[in-house]
Engineer: 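Questions regarding the structure given below will be posed in turn.
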Amino acid sequence: MNSLDFVIFVFAFLFLINPKRLSSTYLIIASFFGFAGFTAAVVLSPILLGNIKSELQKGIFTLLMIVVMTMVFYIASSFVANSFRIKLITSRAYTIDKILAIPTKVSLIILAIFSISQVLIYIPVLSLQFISQGSSTLYIANRILPISPLSQRMAQLAPNQFNNLALAYDQYPPTLNQINDAGEFQSVVDRSASSVVKISGRSCIGLGVGSGFIAAPNLIITNAHVVVGASTIFISNQEGSYPATPIIIDKDRDIAVLYSKFITGTPVNLSPDTVANDIPAMAMGYPGGHDLTFAQGKTLSMPPSVEFSNLKLKNGEAIYLDVLTQPGNSGGPIFDLNGDVIAVVSGGGSNRTVGIGSKLTKELLKEAKGKLIPTKTGVCDISIKRL
């Protein structure tokens, strides 16, 4: 339950007990036109607001356009609907029309919740996305009710300036086809595969993908550069794809913590120990945004020759590994043989990988557990060339 649930329940209650307009004919006609205005606003807003550069302004104007067009269509059509209601009063069908009013109201409430649940998360305003995820009402609606063409359209349009791109999360669900033959790490793979997620984000450079992992209930660890500048973020595992909002983004140390109400999976353990040199290690992730894979190697005592600038990590916060990772592995976990995460993949080159140690990750995760407001993803940086 959150504030959005409270608003939904209050309006639903007032709508149900309102003794006026107790006519199913009136309700159906007026609501049909109101929903038409709602749909028109959703479809037309990217076209009419496409020249607005600010993502925040575009999201606010999109929301206002949806509310205004819905109300205008509803109020305008109510005169037509009321004339039909008046005609029915003098007819024999009026008794049946009154009896059907309450079931009609219930159906319209369900339709409204259904529409809100499948549209609100796509409006590129992080606070709205965050509130919608925290709503138990919308969560249940998303779980029970089917996916609508309207939500598919919104997924293609958000954020609005990238009309030609469609999020691939719903077209290519990740699979576990390539995680066999892991040798001594096979038990770790079997336990942790469902907790490693693919991350899809849309920003100024288009559709980007990365990796992450569930580190606590509803909290996902990834790299800051995976989500920087993104206004729509989705996480995917074998169970499905879910919206996510950032709680913490630390660009200097390239760590981000995301929140998702909907994600399921067992949180992995973060290593409590200092990582020794020359121990077996395994990275898991979604290189290229494709299937979940792993790469094995060991920790290194000396930093490899890789280009890894702009990070402000203290001694001991970076871990170097003889593990080959690829674009799309960013944000994924690096496990030891105990199944604990010893680092988060952040960058690499020349068959080497730089990871961010679990000590720093645990500190940010602890901070994220007490946060109730999402953070901004910042300005999209086209110069980022890490994994």
Engineer: Say you draw a straight line from CG of Asp254 to CD1 of Ile249; how long is it, rounded to the nearest 0.5 Å?
Structural biologist: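 Taking CG in Asp254 and CD1 in Ile249, the distance rounds to 10.5 Å.
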Engineer: Let's go through Asn223 and Val344 carefully: what are the C-alpha distance in whole Å and the side-chain angles of both, what is the deciding distance for side-chain contact (heavy atoms from CB on, under 4.5 Å) to 0.1 Å, and is it a yes or a no?
Structural biologist: CA-CA 8 Å; Asn223 286 147; Val344 180; 3.8 Å; yes
Engineer: Any chance CD1 of Ile96 has more than 12 other-residue heavy atoms, nucleotides or ligands included, within less than 6.0 Å?
Structural biologist: no
Engineer: For a 4.5 angstrom cut-off between non-hydrogen side-chain atoms, does Val189 reach Met282?
Structural biologist: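 In short, these two side chains touch, coming nearer than 4.5 Å.
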Engineer: Please name the pair of heavy atoms, one in Gly37 and one in Met69, separated by the smallest distance, quoted to 0.1 Å.
Structural biologist: O-CB, 3.7 Å
Engineer: Are Phe33 and Val80 grouped together when hydrophobic residues (ILVMFWY) are joined by side-chain heavy atoms under 4.5 angstrom apart?
Structural biologist: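 Yes, same cluster.
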Engineer: If every non-hydrogen atom of Ala224 is compared with every non-hydrogen atom of Lys251, which pair is closest and at what distance?
Structural biologist: CB-CA, 4.0 Å
Engineer: To the nearest 0.5 Å, tell me how far Phe335 CZ sits from Asn269 CG.
Structural biologist: 9.5 Å
Engineer: Find out whether Lys105 and Leu27 are in side-chain contact, i.e. whether some heavy atom of one side chain is under 4.5 Å from a heavy atom of the other.
Structural biologist: yes
Engineer: Could you give the distance from CD1 (Ile334) to CG (Asn329), rounded to the nearest 0.5 Å?
Structural biologist: 9.0 Å
Engineer: State, to 0.1 Å, how close Thr325 and Ala283 come at their nearest heavy-atom pair, and which atoms those are.
Structural biologist: CG2-CB, 3.9 Å
Engineer: Any luck finding a side-chain donor-acceptor pair between Ser358 and Ser271 under 3.5 Å?
Structural biologist: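 No.
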Engineer: Tyr286 side chain to Val196 main-chain N or O, any donor-acceptor pair under 3.5 Å?
Structural biologist: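 Present.
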Engineer: Mind checking what makes salt bridge (charged side-chain N to carboxylate O under 4.0 Å, His left out) contact with Asp250, not counting sequence neighbours?
Structural biologist: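 Applying salt bridge (charged side-chain N to carboxylate O under 4.0 Å, His left out) to Asp250 gives Arg253.
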Engineer: Show your working on salt bridge (Lys or Arg N to Asp or Glu O under 4.0 Å) between Lys298 and Asp278 and close with a plain yes or no.
Structural biologist: CA-CA 5 Å; Lys298 61 182 180 181; Asp278 202 32; 3.2 Å; yes
Engineer: Applying the 4.5 Å side-chain criterion to the ILVMFWY set and letting contacts propagate, would Ile113 and Leu111 be lumped into a single cluster?
Structural biologist: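 Looking at the clustering, Leu111 is in the same group as Ile113.
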Engineer: Please round to the nearest 0.5 Å and tell me the distance separating atom CZ of Phe15 and atom CD1 of Ile109.
Structural biologist: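 So the gap between those two atoms works out to 6.0 Å.
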Engineer: Could you walk me through whether Asn277 and Leu300 satisfy the side-chain contact (heavy atoms from CB on, under 4.5 Å) test, starting with their C-alpha distance in whole Å, then the side-chain angles of each, then the deciding distance to 0.1 Å, before giving a yes or no?
Structural biologist: CA-CA 5 Å; Asn277 297 322; Leu300 297 174; over 6 Å; no
Engineer: Is Ile319 close to Ile356 at the side-chain level, that is, under 4.5 Å between some pair of heavy atoms?
Structural biologist: no
Engineer: How long is the straight-line distance from OG of Ser77 back to CD1 of Ile29, given to the nearest 0.5 Å?
Structural biologist: 8.5 Å
Engineer: If you compare all heavy atoms of Leu108 against all heavy atoms of Ser31, which two are closest, and at what distance to 0.1 Å?
Structural biologist: CD1-OG, 3.2 Å
Engineer: Using the rule given for side-chain contact (heavy atoms from CB on, under 4.5 Å), can you reason through Phe213 versus Leu270, listing the C-alpha separation, both sets of side-chain angles and the distance that settles it, and then say yes or no?
Structural biologist: CA-CA 11 Å; Phe213 59 94; Leu270 296 173; 3.9 Å; yes
Engineer: Report yes if some heavy atom in the side chain of Leu219 is under 4.5 Å from a heavy atom in the side chain of Leu258; otherwise report no.
Structural biologist: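 No. Closest side-chain heavy atoms not under 4.5 Å.
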Engineer: Shortest non-hydrogen contact from Ala295 to Leu324?
Structural biologist: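 Nearest heavy atoms, Ala295 then Leu324: CB-O, 3.3 Å.
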Engineer: Using a distance-only test with no angle check, is there a side-chain donor-acceptor pair under 3.5 angstrom linking Asp5 and Thr137?
Structural biologist: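 Present: a donor and an acceptor within the cut-off.
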Engineer: Donor-acceptor pair, Lys98 side chain versus Ser24 backbone, under 3.5 Å?
Structural biologist: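 No; zero donor-acceptor contacts below 3.5 Å.
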Engineer: Locate the shortest heavy-atom distance separating Gly210 from Val226; write the atom from each residue and the value.
Structural biologist: CA-CG1, 4.0 Å
Engineer: So does Thr266 get a backbone contact from the side chain of Ser195, meaning a donor-acceptor N/O pair under 3.5 Å?
Structural biologist: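 Yes.
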Engineer: Going by heavy atoms in the side chains, are Val10 and Ile8 under 4.5 Å from each other?
Structural biologist: no
Engineer: Verify, without hydrogens or angle tests, whether Asn237 (side chain) and Gly265 (backbone) share a donor-acceptor contact under 3.5 angstrom.
Structural biologist: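 No: the side chain of Asn237 does not pair with the backbone of Gly265.
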Engineer: Does some side-chain heavy atom of Met65 sit less than 4.5 Å from a side-chain heavy atom of Leu44?
Structural biologist: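 A side-chain contact exists here, since the closest heavy-atom pair is under 4.5 Å.
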Engineer: Verify the cluster assignment for Leu16 and Leu100: are they in a single hydrophobic cluster under the rule of side-chain heavy atoms below 4.5 Å apart?
Structural biologist: no
Engineer: Assess whether side-chain contact (heavy atoms from CB on, under 4.5 Å) is satisfied between Glu184 and Leu337, documenting all intermediate values.
Structural biologist: CA-CA 8 Å; Glu184 59 184 346; Leu337 282 173; 3.7 Å; yes
Engineer: From Ser192 OG over to Asp340 CG, what is the distance, rounded to the nearest 0.5 angstrom?
Structural biologist: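 The distance works out to 9.0 Å.
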Engineer: Give a yes or no on whether the backbone of Val323 and the side-chain of Thr353 come within a donor-acceptor separation of less than 3.5 Å.
Structural biologist: yes
Engineer: Using modelled atom types only, decide if a donor and an acceptor are shared between the side chain of Asp190 and the backbone of Ala193 within a distance under 3.5 Å.
Structural biologist: no
Engineer: Heavy atoms, side chains only, cut-off 4.5 Å: are Ile28 and Thr104 in contact?
Structural biologist: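 The answer is yes; the side chains approach within 4.5 Å.
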Engineer: For Ile279, give me all partners under side-chain contact (heavy atoms from CB on, under 4.5 Å), at least two apart in sequence or on another chain.
Structural biologist: Val275, Ala276, Thr299
Engineer: Would you indicate whether the side-chain heavy atoms of Ser211 and Val345 approach each other to under 4.5 Å?
Structural biologist: no
Engineer: Who are the side-chain contact (heavy atoms from CB on, under 4.5 Å) partners of Pro267, not counting sequence neighbours?
Structural biologist: Ile214, Pro217
